Amino acid sequence: MKWLITGGAGFIGANAAKRLAEHGHHCVLADNFHRPGAKFNRKFLSATCNLPVHYLDVRYSDQVDDFFAAHPDTDVVLHLAGQVSLVASIENPRYDFDTNALGTFNILEASRCFAPSARVIYSSTNKVYGDLFSLLYGESETRYTLLDYPQGLPETLPIELHGGYSCSKGAADQYVRDYRHVYGLKTVSLRQSSIYGGNQYASEDQGWVAYFVQMGVENSPYKISGTGKQVRDLLHINDLFTCFEKIAVLPDDSPAFGEAFNIGGGPSLSLSLLELFDVLRARYGFTMTYTAGPPRVGDQKVFIADVSKAERLLGWKPEVSIPEGLDELVTWSRRQWGR
Ligand SMILES: NC(=O)c1ccc[n+]([C@@H]2O[C@H](COP(=O)([O-])OP(=O)(O)OC[C@H]3O[C@@H](n4cnc5c(N)ncnc54)[C@H](O)[C@@H]3O)[C@@H](O)[C@H]2O)c1
């Protein structure tokens with residue numbers, strides 16, 4: 001199969017490309033190297049699987065059209081290019097909008113014109129559900145809990161777009177689903193929870209698991225926002241990759257096309273920040289020294305995905321345990337940042 005991957009030098013893109021190449025697929029990768037870590041992943045892909053990453057800025061339709069026109073035999077478009085930080089989206093809303101909303105629109109239009117039979121997979125986000133402040137929460141020693149959703153949060157939650165990143169990703173999510181209904185494109189929108197794994201060049205405000213692992217490896221003190229009882233479900237990159245592969249081989253008339261899916265680890269693979277720090281101390285001997293500040297505006301107290309729709313329509317569910325996933329990330333992080 002031929003895969004065209006935007007954001008190919010990003011964390012998810014580089015991991016997906018490496019595994020696809022190992023599985024004998026043909027990958028064409030594009031990125032504008034906006035993210036600082038992208039240049040390292042570019043080198044990694046060249047060294048490990050001889051895969052080049054081509055320059056492409058999804059904000060510009062002429063560049064996108066030329067790129068797609070050169071690859072009309074594409075079977076799967078994996079659209080990962082994105083501005084990924086909420087903080088950066090507020091500092092530079094135009095770049096955020098142009099990349100996430102307009103960039104995704106450009107990818108959909110190019111797919112419609114140059115690769116109309118391809119499957120189009122979009123990496124959306126659970127941030128399309130907003131701050132979720134209207135839900136009922138409990139509180140234990142180490143975490144907040146969702147009182148009304150023991151199986152996690154379903155796709156039927158109302159969409160609530162607040163803040164640049166959430167608005168631009170939510171607009172894109174809507175277009176992705178609509179291109180199925182209006183033009184018949186085989187699109188799927190994956191509303192991803194926290195994805196973690198090696199090759200993630202994280203920052204304080206994006207990629208929290210990799211960021212805290214790096215702080216542990218470096219033995220650096222760090223700051224957190226809020227109490228640390230905020231909970232997320234974690235999905236290891238290998239599980240997300242399996243999800244991509246399942247979508248690639250869905251039958252043409254699958255009811256999954258045009259749909260959005262909450263894609264995360266679910267209740268059994270969830271951790272609060274405090275719980276993650278405890279695991280990192282106990283399993284790897286990290287010190288994990290932090291100071292707590294005020295909560296981030298609009299930060300969800302808990303997001304745990306209900307993955308039953310994905311299980312039903314995609315035949316997918318997460319399988320990588322947290323210790324197994326963290327071992328992989330810590331090994332990579334020690335190689336990168338170990339002293
Ligand atoms: N990692 C997560 O936990 C997570 C969670 C939810 C959603 N997502 C979404 O998944 C996608 C991939 O995320 P990631 O974690 O690999 O992030 P990443 O930042 O590592 O990768 C995104 C890539 O897009 C590239 N890019 C940015 N602007 C671009 C532009 N205008 N044109 C072309 N390329 C551009 C960056 O250089 C980077 O390599 C993003 O769309 C993100 O919003 C990720």
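Because the structure is a prediction, the values reported are computed rather than measured. Below, all heavy atoms of this structure are taken into account, side chains as well, without hydrogens, waters or symmetry copies. For the single chain, residues carry numbers from 1 onward in sequence order. Just follow the structure's listing: the first ligand is 1, and inside any ligand the first atom is 1.
- Residue F11 has at least one N or O atom closer than 3.5 Å to an N or O atom of ligand 1.
- Close contacts of ligand 1 with F33, meaning ligand atoms under 4.0 Å from a residue heavy atom, involve 37 (O).
- Ligand 1 does not have T6 within reach: every non-hydrogen atom of the residue lies 4.0 Å or more from it.
- Counting only heavy atoms of the protein, atom 21 (O) of ligand 1 lies nearest to G10 CA, 3.3 Å.
- Protein heavy atom closest to atom 35 (C) of ligand 1, with residue, atom name and distance, is N32 OD1, 3.0 Å.
- The contact set between ligand 1 and L56, taken as ligand atoms under 4.0 Å from a residue heavy atom, comprises 32 (N), 33 (C).
- The pair D173-R177 meets the salt-bridge criterion, since a charged nitrogen lies less than 4.0 angstrom from a carboxylate oxygen.
- Using cut-offs of 30° and 60° for the angle between ring planes, the F33 and Y55 rings count as tilted.
- Of the protein's non-hydrogen atoms, S123 CB, 3.3 Å is the one closest to atom 10 (O) of ligand 1.
- When only non-hydrogen protein atoms are considered, atom 7 (C) of ligand 1 lies nearest to S124 O, 3.1 Å.
- Of the protein's heavy atoms, I12 CD1, 3.8 Å lies nearest to atom 13 (O) of ligand 1.
- For ligand 1, the polar-atom distance check finds no N/O of A38 at less than 3.5 Å from any of the ligand's N/O atoms.
- Taking a 4.0 Å cut-off on heavy atoms, Y165 registers as neighbouring ligand 1.
- Distances from ligand 1 to the non-hydrogen atoms of R191 include no value under 4.0 Å.
- A centroid separation of 6.0 Å or more is found between the aromatic rings of Y137 and Y144.
- A side chain to side chain contact (heavy atoms under 4.5 Å, CB included) with S189 holds for exactly one of I263, V176, V120; it is V176.
- Y211 has its ring centre no less than 6.0 Å from the ring centre of Y196.
- The aromatic ring centres of Y95 and H34 sit less than 6.0 Å apart.
- Across all their heavy atoms, L269 and V320 have their closest contact at CD1-O, 3.6 Å.
- With hydrogens left out, the protein atom closest to atom 44 (C) of ligand 1 is Q192 NE2, 3.4 Å, a heavy atom.
- Near H34, with a cut-off below 4.0 Å to any heavy atom, the atoms of ligand 1 are 27 (C), 28 (N), 37 (O).
- The shortest heavy-atom distance from Y95 to ligand 1 is under 4.0 Å.
- Between D233 and R191 no salt bridge is recorded (no basic side-chain N to carboxylate O distance below 4.0 Å).
- Around OH of Y175, the count of heavy atoms belonging to other residues, nucleotides or ligands within 6.0 Å does not exceed 12.
- Remark: R19 does not engage E22 in a salt bridge, criterion side-chain N to carboxylate O under 4.0 Å.
- Contacts between K127 and ligand 1 below 4.0 angstrom, taking non-hydrogen atoms only, are absent altogether.
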Audit row: Y201, F40, ring-ring contact (aromatic ring centres under 6.0 Å, His included) steps and yes/no: CA-CA 9 Å; Y201 292 89; F40 301 117; 5.2 Å; yes
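- Near G7, meaning under 4.0 Å from any of its heavy atoms, are these atoms of ligand 1: 23 (C), 24 (O).
- For D31 and R42, the salt-bridge test fails: no basic side-chain N is under 4.0 Å from an acidic carboxylate O.
- The protein atom (non-hydrogen) at minimum distance from atom 5 (C) of ligand 1 is S193 O, 3.2 Å.
- Protein heavy atom in closest approach to atom 37 (O) of ligand 1: D31 OD1, 2.7 Å.
- Using cut-offs of 30° and 60° on the angle between ring planes, the pair W208 and F212 is perpendicular.
- For ligand 1, the atoms closer than 4.0 angstrom to any heavy atom of A9 are 39 (O).
- The distance criterion of under 3.5 Å between nitrogen or oxygen atoms is met by R35 with respect to ligand 1.
- The aromatic ring centroids of H23 and F241 lie less than 6.0 Å from each other.
- In the candidate list I5, L240, D57, L235, D57 is nearest to atom 31 (N) of ligand 1, counting heavy atoms.
- Considering each of I195, D98, L102, L80, the one bringing a non-hydrogen atom nearest atom 2 (C) of ligand 1 is I195.
- Using a 4.0 Å cutoff on heavy atoms, G8 does not count as a contact of ligand 1.
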